[in-house]
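Here's the structure we're looking at; comments come further down.
Just so you know, these numbers use all the heavy atoms, side chains as well, and skip hydrogens, waters and symmetry mates.
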Amino acid sequence: MRDFEKTFNKTEILLPILDSNNIDFNFIESFIKAIQKECIKSVVLWQEQEREAYRKVVENS
């Protein structure tokens with residue numbers, strides 16, 4: 001933790017840019033939305049698996 005500030009200040013963050021050297025915020029927003037959709041999809045799939053497992057247990061009781 002002592003060298004956090006040194007390390008942080010030396011960190012480079014690469015961002016997508018447009019031809020005019022402006023940050024491509026549209027790409028960033030689209031990318032974030034795609035990641036969010038993948039996260040939601042994985043939660044929905046997990047929920048469906050849990051529901052199916054529960055249904056099987058209930059039916060076999």
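Distance check, rounded to the nearest 0.5 Å: CZ of Phe27 to CG of Leu15 gives 10.5 Å.
Thr11 approaches Thr7 most closely through the heavy-atom pair OG1-O, 2.8 Å.
Remark: Glu59 engages Arg55 in a salt bridge (charged side-chain N to carboxylate O under 4.0 Å, His left out) (not counting sequence neighbours).
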Using distance only, find each side-chain donor-acceptor pair of residues 35-46 under 3.5 Å and give its atom names and separation, not counting sequence neighbours.
| residue | atom | partner | partner atom | Å |
| --- | --- | --- | --- | --- |
| Ser42 | OG | Cys39 | O | 2.8 |

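Looking at heavy atoms from C-beta onward, Leu18 lies in side-chain contact with Asp24 at the 4.5 angstrom threshold. Residues Ile23 and Ile28 meet the side-chain proximity criterion, which asks for heavy atoms closer than 4.5 Å.
For the pair Asp3 (side chain) and Lys6 (backbone), a donor-acceptor distance under 3.5 Å is absent.
A continuous path of Ile, Leu, Val, Met, Phe, Trp and Tyr side chains, each step under 4.5 Å between heavy atoms, connects Ile13 with Phe25, placing both in one hydrophobic cluster.
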